Amino acid sequence: MLDMEAMKEMIRREIQSISTLEERVAFKDLMEGVFISLYETNLSMYRKLEERIMNDLAYDAGRYLIRTGIVERACYDWSHHQMSAMQEEDTKPRILSAGEIREEISRSGRYRAGSVFLRCDSIEVSGLAASGMEEDAVIKAGREYPVKVHVQRSRRYLDQIGSLYRLFIKNGIPWVTVNAPYLFKMLDLYISSLPEEIADEEAVILAGVELGAYNKLAYHDMVPIWNVGYRKVESVGFPVPCADRRGYEHVVSLDDGAEHGYLVADEEAQEVRRVGEKLYIMGRDGRAKRWDICTIRGGRERRTDRYSFPVMENLRRDTFCERFQKNSGRPVRTRGELERYIRGFGLEDQIGYAGCSIEEETGEAETYSMNFFIEDEIRDKERRKRLVLTFRQVGAEKWLLRDLAGFLASSVQEFFPEYHCMGRLL
């Protein structure tokens with residue numbers, strides 16, 4: 001359909017081609033009074049139809065946007081409207097008495113004295129974590145004492161992402177790969193013994209650790225953050241018996257914002273649906289109760305917000321093609337469709353997509369899966385080939401490129417289960 005300016009230009013050319021004055025005036029009146037008005041009405045109806053189709057294809061993906069980031073403990077904002085610590089214990093120094101630490105060591109064989117964030121390439125982080133290295137450190141307990149710390153990749157935050165995935169599946173919400181590169185760069189520091197001369201009542205704190213060449217890349221006292229929170233909410237009114245006479249429908253009022261996403265984390269929930277500002281939860285218990293609710297907080301950034309490193313998101317651009325593809329379940333078959341899908345994440349200012357190739361499954365992969373907790377128990381893992389997505393550096397944060405490539409490859413994996421999808425940097 002021609003746009004209005006193109007239509008007007010075409011009419012002007014037709015008017016100029018008419019030599020008789022009376023015919024020119026009649027033609028102009030006809031165009032102004034009938035044709036252009038009809039065209040404008042038709043254009044308006046077309047736009048309304050397009051808007052209606054867009055609304056019919058609408059989905060609540062925006063409510064389930066997951067944002068992740070990391071900040072210094074000193075800059076952590078307890079009052080932030082959206083982002084909170086993944087683990088509250090990170091927001092304060094880890095200080096226990098020597099007696100409590102010895103009890104922990106006797107019970108589990110080690111004590112987590114602290115954590116460190118490495119601002120470097122994912123291959124370097126993996127190599128350091130896999131080496132099982134022990135490093136020199138200093139603890140403070142009245143005075144300073146030398147100790148050995150064991151360096152290990154932190155699993156605490158990654159397990160939280162895996163738990164969130166299971167909540168999405170249980171609530172019937174489609175899972176979208178979480179863009180969480182910082183969580184794969186967190187290392188935990190463990191000690192397995194304390195100097196005997198430290199009295200049990202002395203408070204112990206990790207005062208420093210020597211990581212050799214990685215010292216300049218190590219950030220201590222960092223707090224991983226996300227826009228996910230957990231709380232208990234009381235059901236409203238009395239549970240209503242379901243038609244099957246076996247379960248009851250509980251109603252939970254969502255009074256803290258329509259822009260948020262909600263997942264029911266309670267084990268007793270069998271089915272969940274959302275209508276407007278209410279959650280309808282089906283369960284076996286006929287008594288009113290408090291439900292465990294996971295809130296995915298929405299809202300816009302505020303001008304006073306400050307982050308140490310860029311906040312990562314997993315939301316795709318909201319376009320007609322995106323909604324239609326989601327609604328129809330249309331598979332990605334061509335290279336053009338694959339490129340459109342990758343660009344839909346809006347990461348072109350950080351990493352550039354260069355193409356793809358199919359290769360034999362040989363050698364070590366450059367990237368890791370951000371959906372490592374999803375097991376493919378059906379397909380033959382030994383016979384699959386690799387679908388390698390190649391990327392080039394665009395942004396200034398080179399140390400994040402391989403992580404972003406892994407995120408995009410993990411997202412593409414959904415469309416190509418017959419391949420191992422991996423990323424590679426040019």
Side-chain angles (χ1 to χ4, degrees), residues 54-68 159-180 226-236 239-286 289-298 313-316 318 322-332 341 344 370-378 410-415 417:
M54 286 283 283
N55 291 334
D56 287 342
L57 294 176
Y59 57 98
D60 288 340
R63 285 179 176 162
Y64 297 95
L65 157 71
I66 305 297
R67 311 180 78 224
T68 64
D159 290 342
Q160 286 182 268
I161 300 295
S163 298
L164 186 64
Y165 162 75
R166 290 185 284 275
L167 271 187
F168 268 73
I169 300 305
K170 181 177 180 179
N171 284 261
I173 304 297
W175 174 254
V176 179
T177 305
V178 174
N179 190 3
W226 64 350
N227 63 327
V228 178
Y230 294 85
R231 62 193 177 111
K232 285 187 174 290
V233 181
E234 190 81 37
S235 56
V236 178
V240 178
C242 298
D244 62 4
R245 300 180 183 275
R246 296 180 181 179
Y248 296 84
E249 183 179 75
H250 301 254
V251 181
V252 173
S253 179
L254 308 175
D255 56 359
D256 60 347
E259 72 273 17
H260 304 321
Y262 298 91
L263 303 171
V264 179
D266 202 293
E267 291 294 330
E268 296 183 21
Q270 296 178 319
E271 183 180 335
V272 181
R273 62 189 175 92
R274 177 174 179 172
V275 179
E277 302 303 307
K278 289 182 172 59
L279 284 180
Y280 293 86
I281 307 171
M282 315 305 171
R284 296 296 186 189
D285 197 342
K289 60 167 292 182
R290 291 169 62 83
W291 295 89
D292 294 319
I293 303 294
C294 170
T295 304
I296 301 173
R297 294 182 288 267
E313 300 181 350
N314 67 340
L315 184 65
R316 294 176 48 73
D318 187 19
E322 177 68 19
R323 293 188 182 186
F324 184 79
Q325 194 276 331
K326 282 275 188 181
N327 189 66
S328 63
R330 180 183 176 185
V332 174
Y341 179 80
M370 288 194 177
N371 289 325
F372 62 92
F373 41 81
I374 303 178
E375 288 291 333
D376 190 341
E377 301 173 338
I378 299 175
S410 300
S411 301
V412 168
Q413 183 71 70
E414 172 188 353
F415 297 100

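Positions are given from 1, in the same order as the sequence printed here. Because the structure is predicted, anything quoted here is derived from the model rather than measured.
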Check your understanding: Can you list the steps and then say if R274 with L254 is a side-chain contact (heavy atoms from CB on, under 4.5 Å)?
Key -> CA-CA 10 Å; R274 177 174 179 172; L254 308 175; 3.7 Å; yes
Say you draw a straight line from [atom1] of [X] to [atom2] of [Y]; how long is it, rounded to the nearest 0.5 Å?
| X | Y | atom1 | atom2 | result |
| --- | --- | --- | --- | --- |
| Y230 | S163 | OH | OG | 6.5 Å |
| Y64 | I173 | OH | CD1 | 4.0 Å |
| L315 | I66 | CG | CD1 | 10.5 Å |

Is a side-chain donor or acceptor of [X] paired with a backbone partner of [Y] at a separation under 3.5 angstrom?
| X | Y | answer |
| --- | --- | --- |
| N227 | L65 | yes |
| S235 | V252 | no |
| N171 | L263 | no |
| T295 | G261 | no |

Check your understanding: With sequence neighbours excluded, what pairs up with Q160 under the side-chain contact (heavy atoms from CB on, under 4.5 Å) test?
Key ->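 For Q160 the side-chain contact (heavy atoms from CB on, under 4.5 Å) partners, ignoring immediate neighbours, are M86, Q87, Y157, W226.
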Review point. Listed by chain and number, what are the side-chain contact (heavy atoms from CB on, under 4.5 Å) partners of I374, not counting sequence neighbours?
Key: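 Here the qualifying residues are Y165, W175, N371.
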My understanding is that only residues two or more places apart in sequence, or in another chain, count here; which of them pass salt bridge (charged side-chain N to carboxylate O under 4.0 Å, His left out) with [X]?
| X | result |
| --- | --- |
| R297 | none |
| R166 | none |
| K278 | none |
| E249 | R273 |

Exercise for review: Could you please spell out the steps behind the side-chain contact (heavy atoms from CB on, under 4.5 Å) verdict for V178 and M370?
Suggested key: CA-CA 7 Å; V178 174; M370 288 194 177; over 6 Å; no
Shortest non-hydrogen separation from [X] to [Y] and the atoms involved:
| X | Y | answer |
| --- | --- | --- |
| N314 | T177 | CB-O, 3.0 Å |
| C294 | L164 | SG-CD1, 4.1 Å |
| H250 | G283 | CD2-N, 4.4 Å |

Hey, does [Y] have a side-chain heavy atom less than 4.5 Å from the side chain of [X]?
| X | Y | value |
| --- | --- | --- |
| S410 | F372 | no |
| R284 | Y248 | no |
| L279 | I293 | yes |
| W291 | I281 | yes |

Point to revise | Residues that D292 engages under side chain to side chain donor-acceptor pair (under 3.5 Å), provided they are two or more places apart | key: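 Testing D292 for side chain to side chain donor-acceptor pair (under 3.5 Å), a comparison that skips the adjacent residues, returns K232.
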Check your understanding: Should V272 and Y280 be marked as a side-chain contact (heavy atoms from CB on, under 4.5 Å) after you check the CA-CA gap, both sets of side-chain angles, and the distance that decides it?
Key -> CA-CA 6 Å; V272 181; Y280 293 86; over 6 Å; no
Check your understanding: With the threshold set at 4.0 Å, does a side-chain nitrogen-carboxylate oxygen contact exist between D266 and R290?
Key ->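 Between R290 and D266 there is no salt bridge, as every charged N stays at least 4.0 Å from the carboxylate O atoms.
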